[in-house]
Every structure is written in C-alpha cells, then in structure tokens.
Amino acid sequence: MAGPVVVVGDILLDRDVEGVVNRLCPDSPVPVLDESTAVDRPGGAGLAAVFAAALGAEVALVTALADDEGGARLSTLLAAAGVQVYALPLRGATPEKIRLHARGRVLLRHDRGGSAGEPGEPSDAALRLLASASAVLVSDYGRGVARQPALRCALAATRAPVVWDPHPRGPAAVPGVHLATPNESEVRDLVKTGPGASRLATASRGAQELRRRWRAGAVTVTLGGDGALLCHAGSTPLVVPAPASAEGDTCGAGDRFAATASIALSRGALVSEAVQAAVTEASAYVAAGGVAAALPPPARTASLTGSRRGGGDRVGVGAAAGVVTAVRAAGGTVVATGGCFDLLHAGHVATLEAARQLGDCLVVCLNSDASVAGLKGPDRPVVPQGDRGRLLAALGCVDAVLVFDEPTPQAALTWLRPDIWVKGGDYATGGEPGLPEAELLGRWGGHTVVVPYLDGRSTTDMIAAARAGGGTTGSGDRVPGPPPGVAVGVDGATAKGAR
C-alpha cells in the first residue's frame with residue numbers, strides 16, 4: 001500500500017530539565033536543582049510518530065489536542081518533525097511529564113495535567129486516513145483515544161497491518177491486529193500468572209493468552225536488553241535476542257520498537273522480520289544515548305507557537321485558548337486568518353472585518369519577526385511583532401492574536417482547528433482545492449474561504465514609496481497610494497498581487 005504510516009493514540013508533552021545540584025534546600029533536606037537547559041519533545045503517541053518520521057516514513061498522527069499552551073507547543077514540535085496531525089478535540093489540559101536530571105541521572109519526574117479528558121469525535125478525513133494507511137500503530141497511553149468508538153470501528157475495518165502497543169489502563173486491542181507489543185510489566189498487569197514460573201515461561205504464557213483474548217495474529221513481549229519473545233500461530237515461541245547488551249536511558253525504547261515494526265510491516269515484511277528489525281533498532285537506540293540523541297534537531301529546538309511577546313492580554317497562546325474554548329463551549333464558530341500585517345492599512349482592516357462577520361470570534365495568526373524576515377528579506381518587518389500584535393488586538397473585529405515563528409501557520413492552525421480559515425485576495429475561481437490550507441483544514445472538517453480585498457493597497461508599495469522619498473510614515477505625513485490594480489488581502493499570504 002502507498003499510504004502513510006498512521007499513528008493513533010494519546011499524546012503527552014515531555015520536558016527534560018538538566019541542571020546541577022550543589023546544595024540542599026534550607027527549609028527541607030532535599031536537593032536544589034539549578035536548571036541549565038530544558039528540552040521539550042512530543043511524548044506518548046507523539047514520540048512514536050516522530051520516531052517513525054525520523055526513520056524515513058510518511059507519518060500521520062491521529063490524537064487528541066487540548067486548547068492550551070501545551071497543545072500549541074506540541075503542534076509546533078510535530079510540524080517541525082514532519083508529522084501530519086489529525087487532531088480530535090480534548091477537554092482539559094495537556095498531560096505533561098517533566099523529568100529533572102543531574103549528571104545524567106533522573107532525580108524526579110513531575111506529572112501534571114490531571115485526569116484524562118474525553119476525546120471528541122474524529123473527522124471524516126481522519127477515518128478515511130485509516131482506510132488508506134500502509135500500516136497503523138496504536139500507541140495507547142491509557143488516556144482515551146484508543147477507546148474512541150468511531151476510531152475503533154475504523155481500526156477494525158482497515159486492511160492495513162495494525163500494530164497495537166497496549167497500556168494496562170487502556171482498552172483491549174481491536175480483534176485481528178497483526179501484532180501486539182506489550183512489555184514484560186504490561187503482560188504481568190494484563191494477564192495474571194502464578195508465582196514460580198521462569199521469565200520466559202511467564203512471557204510466553206502471557207503472550208499466548210493475549211493473542212487468544214484479542215484474536216491477534218501475533219504478540220511479542222519486549223524483554224528490555226534481552227530482546228523480545230514472539231508468539232504467533234505456532235506452538236513454539238520465537239526468541240529474538242538483542243544484538244548486543246546496552247546500558248543507558250531506555251525512555252522511548254518501546255515506542256522506537258513499535259514504530260520500527262510498523263514501518264517494516266508497511267513495507268511488506270513478515271511479522272518475524274519486523275520483530276527482528278525492531279529489536280535491532282531499539283537496542284541501537286539505547287546504545288546511542290536514547291531519546292536525547294535520537295530526535296532530529298528540528299523537533300528538539302522548534303520555537304513555541306504563539307508565545308507571548310508583548311501585546312497585552314489579547315496576544316498569545318493563553319488569549320487564543322481562552323477565546324476558542326469559550327466559543328466552542330457555546331457551540332459557536334471559530335474563524336481565523338493570518339499574515340504579516342506589516343504597516344497595518346485599510347486593506348488589512350477590510351479583510352479582518354469581513355472575516356469576523358463569518359463566525360463568533362476571529363483569531364489572527366501573526367508571522368513573527370523571524371518569520372517575516374525569512375519570507376520578505378532582512379529589511380522586513382518595518383514594525384516589530386510586539387507593536388503589530390498590539391495594533392491588531394486593538395481592532396474591534398479581532399478577538400485574539402497568535403504569533404508563530406514558522407514560514408506558514410500550519411502548526412498554529414493544527415492547534416487552533418478553526419471552523420473557517422479566511423484568505424484575503426484574488427484567488428483563481430477554480431474552487432477550494434486551489435487554496436494552500438484547504439487540505440489541512442479538511443483534517444478536522446474546517447473550510448477555507450476568500451473575502452474581497454480593497455484594490456490599490458499594498459504594504460510593500462507603501463514602504464517602497466516612503467523609502468523613495470515620495471512620502472513618509474511619520475505622523476501627519478502623506479504616503480502616496482500604490483498604483484491602481486495592486487491586489488492586497490492579508491499581507492504575507494499568497495494572494496495574487498499581494499507583495
């Protein structure tokens with residue numbers, strides 16, 4: 001099959017904090033960690049998806065994202081890693097796992113985010129995705145995505161090989177999965193066995209019981225540094241030893257194993273071949289330093305989408321999250337648009353006013369200074385992002401402003417999931433497929449629309465005229481308008497004629 005590898009499951013935000021301990025707290029006998037670095041990464045099913053993408057597969061992730069800063073951060077990290085996200089709405093907060101390190105050792109893990117929220121319904125596009133996948137990995141972290149009824153029906157119906165990485169708090173695998181990949185601890189939780197049995201006997205009996213219970217084609221039990229045990233249709237299990245014993249950080253090794261097996265099955269490998277490849281890859285992963293060394297650089301250093309950089313309480317992730325959550329709770333329509341908005345002019349205002357009339361709130365996705373410079377050159381923007389954000393937020397038609405650093409608003413849109421994305425400008429009349437964001441909006445059932453622009457307004461021409469001496473942008477001075485016929489919608493968009 002030619003479709004993507006699809007990962008389905010719960011996503012977490014993982015943060016590794018590295019520091020130095022030189023003293024004890026004066027009011028309690030506990031060590032004080034002086035933080036030196038912190039690295040965010042997708043966790044749970046998100047980490048499995050990033051691993052699969054790093055191994056060369058086209059990857060799509062079906063998960064639940066919350067309307068909070070953690071959800072925005074995850075959207076940015078996943079976009080930077082090349083993972084397509086098909087997001088279900090999620091009530092509550094993004095679950096976070098924070099590990100505090102000193103000298104390479106974990107001192108403490110701090111979990112936050114509360115109990116699991118209820119994931120919403122998947123879009124039709126997400127269900128079609130499962131039908132067209134080359135392989136599906138269900139990375140269950142026990143927070144509800146694997147229980148979602150519509151997803152389970154689609155998983156049971158897909159013709160792609162399904163790998164199920166279970167969780168003790170999660171549901172049973174759907175009947176007929178090709179391969180389930182529990183570790184030893186999960187097998188002991190899922191299948192109660194009597195005392196006294198050997199390690200291999202316990203793993204074998206547990207795997208055979210799960211294979212029967214779930215009607216799975218095969219079950220492999222991962223054995224840490226000792227490899228894996230595979231039980232399939234035959235009565236004799238297959239033991240796949242690790243190529244070499246390796247010590248190190250094993251965080252993420254199970255995700256690496258499951259992702260590798262899924263990719264191998266997508267390429268036509270036998271289950272036994274997929275398990276052997278997964279053991280080899282997971283062993284090499286631990287030996288190379290684990291998750292700190294395995295993630296591609298963009299996924300470790302991507303900037304925070306929409307972080308607050310000035311602009312008051314209507315600019316930033318928190319402002320956008322508050323507006324969107326309230327509108328969705330009331331059953332309203334979320335509208336978004338985007339661009340650079342360098343030298344805010346009447347053309348911009350006309351587009352924004354038209355966009356706001358289409359729904360119950362308008363969130364503006366604003367290119368950061370770094371993003372504008374990358375798109376338009378080192379002499380832009382003329383107005384810094386803090387001022388641009390303040391000006392936009394002051395307009396009565398704008399409810400919130402979200403700043404993003406990337407060349408396109410893909411990550412911001414993945415998190416916002418607006419019902420309507422508005423483009424300003426003179427697009428061809430061939431219909432929605434011609435709009436660059438149409439496919440992205442379709443992942444959650446959103447729509448893209450075009451609104452008219454005011455002819456003869458252009459930020460680029462205004463700047464050029466001012467620099468040529470025909471006018472200035474100072475208070476009280478006139479800046480000549482651009483030549484007739486210049487088309488402007490949202491500055492920075494790809495509308496015909498917008499420069």
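Numbering starts at 1 and runs along the sequence shown.
- At least one side-chain heavy atom of Glu184 sits less than 4.5 Å from a side-chain heavy atom of Val221.
- Without hydrogens or angle criteria, Ser262 side chain to Ala135 main chain gives no donor-acceptor distance under 3.5 Å.
- With 3.5 Å as the limit, one finds a donor-acceptor pair spanning the side chains of Asp405 and Ser368.
- Residues Leu33 and Val17 meet the side-chain proximity criterion, which asks for heavy atoms closer than 4.5 Å.
- Within a 6.0 Å sphere centred on CZ of Arg99, heavy atoms belonging to other residues, nucleotides or ligands number more than 12.
- Using a 4.0 Å cut-off between a side-chain N of Lys or Arg and a carboxylate O of Asp or Glu, Asp140 and Arg147 do not qualify as a salt bridge.
- Comment: Asp40 engages Arg15 in a salt bridge, judged by a side-chain N to carboxylate O separation of less than 4.0 angstrom.
- Put simply, CH2 on Trp421 and CG on Leu416 are 8.5 Å apart, with the number rounded to the nearest 0.5 Å.
- Remark: side-chain polar atoms of Asp10 are paired, donor with acceptor, to backbone N or O of Val145 under 3.5 angstrom.
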Discussion item. If you apply the rule side chain to side chain contact (heavy atoms under 4.5 Å, CB included), what do you find for Phe257 with Thr220, and how did you get there?
Written reply: CA-CA 11 Å; Phe257 181 98; Thr220 185; 3.8 Å; yes
Worksheet entry | Chi angles and distances behind the side chain to side chain contact (heavy atoms under 4.5 Å, CB included) call for Phe404, Asn367 | CA-CA 5 Å; Phe404 65 94; Asn367 295 73; 3.5 Å; yes
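- To the nearest 0.5 Å, the span separating CG on Leu74 from CZ on Arg41 amounts to 11.5 Å.
- Checked for salt-bridge contact, Arg91 and Glu118 miss the test: no charged N lies under 4.0 Å from a carboxylate O.
- Under 3.5 Å, the side chains of Thr94 and Asp68 contain a donor-acceptor pair of N or O atoms.
- For the pair Leu395/Leu344, a side-chain contact is recorded, criterion being any heavy-atom separation below 4.5 Å from C-beta on.
- The backbone N or O of Ala150 sits less than 3.5 Å from a side-chain atom of Gln148, completing a donor-acceptor pair.
- A side-chain donor-acceptor contact under 3.5 Å links Tyr141 and Asp255.
- Side-chain contact check for Leu88 versus Leu90: every heavy-atom pair is 4.5 Å or farther apart.
- Within the model, atoms OG1 of Thr222 and CG of Asn183 stand 4.5 Å from one another, a figure rounded to the nearest 0.5 Å.
- The closest side-chain heavy-atom distance from Leu65 to Arg417 is below 4.5 Å.
- In this structure, Asp189 CG and Arg169 CZ are separated by 10.0 Å, a value rounded to the nearest 0.5 Å.
- Arg256 has a carboxylate O that lies under 4.0 Å from a charged side-chain N of Glu281, or vice versa, which qualifies the two as a salt bridge.
- In this structure, Arg388 fails the cation-pi test against Phe341, since its NZ or CZ atom is not both closer than 6.0 Å to the six-membered ring centre and inside 45 degrees of the ring normal.
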Worksheet item: Stepwise, does the salt bridge (Lys or Arg N to Asp or Glu O under 4.0 Å) test hold for Arg328 with Asp67?
Response: CA-CA 10 Å; Arg328 285 187 176 137; Asp67 294 330; 3.0 Å; yes
